[in-house]
Amino acid sequence: MSDWVRAFAPASIGNVAVGFDMLGLALEGVGDRVEARRVDTPGVTVAEVRGIDGELHPYLSTNSNENTASIAAQALLDAHGPGIGIELKVHKGVPLQSGMGSSAASAVAAVVAVNALLETPLAADALLPFALEGEKYASGGLHADNVAPSLVGGLVLCPQVLLPAIIRLPVPEGVSAVLLHPDLQVNTAHARKVLTKSVPMQQWIDQQGLLASFIAACASNDIALMGRSLRDIVIEPQRSASVACFDAVTKAAQKAGALGSSLSGSGPSIFALCKSGDARNMASAMEHACRAHGIACQSWVSSMNAPGAQLIES
Ligand code: HSE
């Protein structure tokens, strides 16, 4: 048996309002940890899964066919380490079904840790297809908007049609992300299944325009254009009603000066982008609005350049 190696992978904001399934932003200060070591028996086993409280997780599975971390690790071994045996320990830091890329964070941390145990480790970007296998199991779809930012950090574009490409986008100076997690849960697989299968041409044209403008705003540091572009007119209207505090929290964000706000992934988390100087006040305003609705919550403030997954000491 080898020594344990440990990896941390951050939570992430999926879609970032304008780019359903193709735009994602890594978050600072919250993520999952996975420990891995080599063992003699080929394949991947999960020794334990611990929750945010450090206790053994009450229902996340240690069956290696049912855990996003082990599924991703096994996909990596199938391609680059046949015959190798790996044992994993998963430490959840991202709340489940939160819209913060919880399953992606576990899958990414697992492949980064296991990669370090291979004879010839791969470059970070090359790990994407394997982490996606874990994500696919959890969400039922092939979208990299959580996995890709968790893996490489920052703001990334990863359209399904170009996978496994990860396109790193420049981020404007002085803009931060605020993420509010209401104490609710949304099942991503279900939230995806019930989405309408077709979109009117005008909506498609308008959303394409908003995505393109948002990316142009990032590249040209045009914060006013970013504020005009950060809108989801296709998916958010189909999902926001399932998050009771959505209207109150987004109104509070707007009042506090947000450039824009929307669901993070399939929700229930809600994010806002804002000038960095407004971020703390924005987080308090969003929390206040959520609690006024009778829903407990937690928030994080992050730069738009949060680092991606990495090996850590402990
Ligand atoms: N893009 C995905 C969705 C992210 O919105 O369904 C899931 O967190």
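Just so you know, ligand 1 is whichever comes first in the structure, and atom 1 is the first atom listed for that ligand. Predicted, not measured: the structure shown is a model, and the values here were computed from it.
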Heavy-atom donor-acceptor pair, S150 side chain to V147 backbone, under 3.5 Å: no

Given S139, S103, S264, S12, the one that forms side-chain hydrogen bond (donor to acceptor under 3.5 Å, both in side chains) with N146: S12

Under 4.0 Å to a heavy atom of N15 - the qualifying atoms of ligand 1, by number: 1 (N), 2 (C), 3 (C), 5 (O)

Ligand 1 contacted by S266 (non-hydrogen, < 4.0 Å): yes

Shortest reach to atom 7 (C) of ligand 1 by a heavy atom, considering only D232, I235, V186, T188: T188

Student check: side-chain heavy atoms of M286 and S299 closer than 4.5 Å: no

Under-4.0 Å heavy-atom contact with ligand 1, by part of K193 that carries it: neither

Contact atoms of ligand 1, heavy-atom distance to F20 under 4.0 Å: 3 (C), 5 (O), 6 (O)

Taking atom 8 (O) of ligand 1 as the reference point, the nearest protein heavy atom with its distance: N146 OD1, 3.3 Å

Atoms of ligand 1 close to R239 [distance to a heavy atom under 4.0 angstrom, numbered from 1]: 3 (C), 5 (O), 6 (O)

For D21, atoms of ligand 1 separated by under 4.0 Å from a heavy atom: 1 (N), 2 (C), 3 (C)

Side chain to side chain contact (heavy atoms under 4.5 Å, CB included) between L96 and Y59, intermediate numbers included: CA-CA 11 Å; L96 298 188; Y59 61 86; 3.7 Å; yes

Whether G265 lies under 4.0 Å from ligand 1, heavy atom: yes

Donor-acceptor side-chain pairing of T45 and E87 below 3.5 angstrom: no

Flag side-chain contact, heavy atom, 4.5 Å: L195 against R239: yes

Main-chain N/O of Q97 paired to S102 side chain as donor or acceptor, under 3.5 Å: no

Shortest protein heavy-atom distance from atom 6 (O) of ligand 1, along with the residue and atom involved: R192 NH1, 2.7 Å

